[in-house]
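This report refers to the structure that appears directly beneath it.
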Amino acid sequence: MVTDVVICPHCRYGERFTLPGPGRVVVNVGDTVTPTDIVGYTVVRGPITLVDLASRLGVSPRQVPEFLVIKEGQSVRADELMAQRQEWLRKREVRAPADSRAMVIGGGMALLEGFPSEEPVRGCLPGRVTEITPGCDLRVEGTGALMVAATSLGEDFRGPLKVVAPVPERVLRPEHIDATVHGSVIVGGVGDDVAALARAAEFGAQGAILGSVPSSWAGGSLPLPVAVVEGFGGVPMNRLAFEAMNELAGRLTYSMRRGRRSWIISPEKAASVPPGLTAPNLTRLEEGQTVHFTAGARAGAIGTVVELLPGSGEAIVKLGSDRVVVPAANCEVVTRSPAPGPAPEATDIEDSVKPTRLRNGGI
């Protein structure tokens, strides 16, 4: 399997990053953030525990109410007494296994729910916060190089780029790896030997960006996370993508999963991202623009706007040979500055230019 590759050497990128559940956003508009920063917290329900009161008291279920110390709906602390029964020679007690609330008591059982807790939320794009919806989401925009590749295997990763293959056709082997890869993201041509990833992990590499990898890698646990540019098989990284990686050598780069695709981003300095950028909407979408989907079942897919549907908030987007109707709010324009030549100042997100787009690894 080989898929499209989108390369934006110099562009403004952005996304609306949604909290995975009810919670709170803890950053402010204008703050600079990275994928490793905590941008919010979500409320997580506590675990549910079923306690067999009747068995532990040694009575029938209908007798349990006689020995209860707590009431339905009451909160209890760990090891707090819930029920007790005095026998001739000993006392039978039932204590709460953890801090919780007695949701239901009946049938000789007690259903306990642990107290809710907060979990930190990370993983937004690197950039500057431009908009916040309290308790729901935030919009982050940045400037830099963006590559939308085929897929990611393993966790997101980051580090300065280090190219270890002189040409994109070279298969990554253990002998290509040495101690200089420590702390970096290695870039190779073709992935084939898991031993090369194992050696890179031993030397402290953070991840790898490869042209293609065997399909068997998708089903197992790899010693190092991998961003796959082209897809599965023995296809080398296309030359434009490989040259872009060489130009970014030494720069801090992030690999993040978005839908089924991998976003490889090398941001410019945060100071170069002016505050006050506005998000694109239906009125700013234009026919012929290249967009990616940020939400829904097709999140991460890349398509071309065919037609806008005024008054409906939707757009018709071409995906391969298919045409789908999607909410315009789920479409984000992929932009870049014109090429070739020295990269000019980043164009405003509203004045988008189509990115370089490759199909099946072609140039």
Side-chain angles (χ1 to χ4, degrees), residues 5 7 9 32-38 120 122-127 142-214 216-218 220-230 234 236-258 261-272:
V5 181
I7 305 171
T32 299
V33 294
T34 71
T36 59
D37 292 335
I38 296 175
R122 298 179 174 86
C124 66
L125 297 182
T143 304
L146 166 66
M147 183 184 300
V148 182
T151 191
S152 290
L153 303 178
E155 301 294 328
D156 295 352
F157 56 86
R158 63 170 183 151
L161 281 187
K162 180 175 178 59
V163 181
V164 295
V167 292
E169 295 79 14
R170 170 174 284 188
V171 176
L172 184 66
R173 301 295 186 191
E175 54 267 26
H176 303 153
I177 307 299
D178 57 30
T180 61
V181 304
H182 180 79
S184 67
V185 171
I186 62 174
V187 179
V190 180
D192 180 68
D193 192 349
V194 175
L197 297 184
R199 182 173 172 84
E202 291 175 0
F203 278 119
Q206 301 301 300
I209 301 174
L210 300 172
S212 62
V213 299
S216 58
W217 285 20
S221 178
L222 299 176
L224 202 68
V226 178
V228 185
V229 174
E230 307 292 343
M237 187 182 301
N238 69 77
R239 192 160 294 277
L240 285 179
F242 189 75
E243 290 174 357
M245 294 290 99
N246 273 287
E247 291 176 2
L248 296 172
R251 281 178 51 174
L252 178 63
T253 301
Y254 298 86
S255 172
M256 292 165 286
R257 183 186 298 273
R258 289 296 184 270
R261 307 297 293 271
S262 172
W263 280 31
I264 301 170
I265 295 180
S266 181
E268 294 178 356
K269 293 182 179 179
S272 65

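Just the heavy atoms: all of them, side chains too, but no hydrogens, waters or symmetry mates, feed the values below. None of the values given here were measured: they were computed from a predicted structure.
Ala201 and Pro223 make their closest contact through CB-O, 3.5 Å (heavy atoms, listed as atom of the first residue, atom of the second, distance). Scanning all heavy atoms of the two residues, the minimum distance from Arg251 to Pro267 falls at NH2-O, 3.6 Å. Between Val33 and Cys124 the shortest heavy-atom distance is CG2-SG, 3.6 Å. When every heavy atom of Pro236 is checked against every heavy atom of Pro168, the shortest pair comes out as CB-O, 3.2 Å. Of all heavy-atom pairs spanning Gly188 and Ala165, the tightest one is CA-CB, 4.0 Å. Here the closest non-hydrogen pair linking Leu224 and Ala205 is CD1-O, 3.2 Å.
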* Start with the C-alpha distance between Arg158 and Met256, add both sets of side-chain angles, then the distance that settles side-chain contact (heavy atoms from CB on, under 4.5 Å), and finish with yes or no. => CA-CA 9 Å; Arg158 63 170 183 151; Met256 292 165 286; over 6 Å; no
* Would you sort out whether Val213 and Leu222 count as a side-chain contact (heavy atoms from CB on, under 4.5 Å), showing the intermediate values? => CA-CA 12 Å; Val213 299; Leu222 299 176; over 6 Å; no
* Audit row: Glu169, Arg239, side-chain contact (heavy atoms from CB on, under 4.5 Å) steps and yes/no -> CA-CA 9 Å; Glu169 295 79 14; Arg239 192 160 294 277; 3.2 Å; yes
* To do: Show the numbers, then the answer: is there a side-chain contact (heavy atoms from CB on, under 4.5 Å) between Trp263 and Val148?
  => CA-CA 5 Å; Trp263 280 31; Val148 182; 4.1 Å; yes
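Taking the side chain as every heavy atom from C-beta outward, Val229 and Phe242 never approach each other to under 4.5 Å. A heavy-atom distance below 4.5 Å is not found between the side chains of Thr34 and Arg122. At least one side-chain heavy atom of Leu172 sits less than 4.5 Å from a side-chain heavy atom of Ile177.
In this structure, the side chain of Gln206 engages the main chain of Gly204 through a donor-acceptor pair within 3.5 Å. Arg261 contributes a side-chain N or O that, together with a main-chain N or O of Ala149, makes up a donor-acceptor pair within less than 3.5 Å. Remark: the backbone N or O of Arg257 is paired with a side-chain donor or acceptor of Asp156 at under 3.5 angstrom.
Rounding to the nearest 0.5 Å gives a distance of 9.5 Å between CZ of Phe157 and OG1 of Thr253. Remark: Trp217 CH2 to Ser212 OG distance equals 9.5 Å, nearest 0.5 Å. The CG atom of Leu161 lies 8.5 Å from the OG atom of Ser184; values are rounded to the nearest 0.5 Å. Here the CE atom belonging to Met245 is positioned 6.5 Å from the CE atom belonging to Met237, to the nearest 0.5 angstrom. Here the straight-line distance linking atom CG of Leu210 with atom CG of Leu153 works out to 9.0 Å at 0.5 Å rounding.
In this structure, Arg199 does not pair ionically with Asp178, as no charged nitrogen and carboxylate oxygen lie closer than 4.0 Å.
In Glu155, the CD atom is not crowded: 12 or fewer heavy atoms of neighbouring residues, nucleotides or ligands sit closer than 6.0 Å.
Exactly one residue among Leu240, Ile209, Leu248, Val5 makes a side-chain contact (heavy atoms from CB on, under 4.5 Å) with Met147. That residue is Val5.
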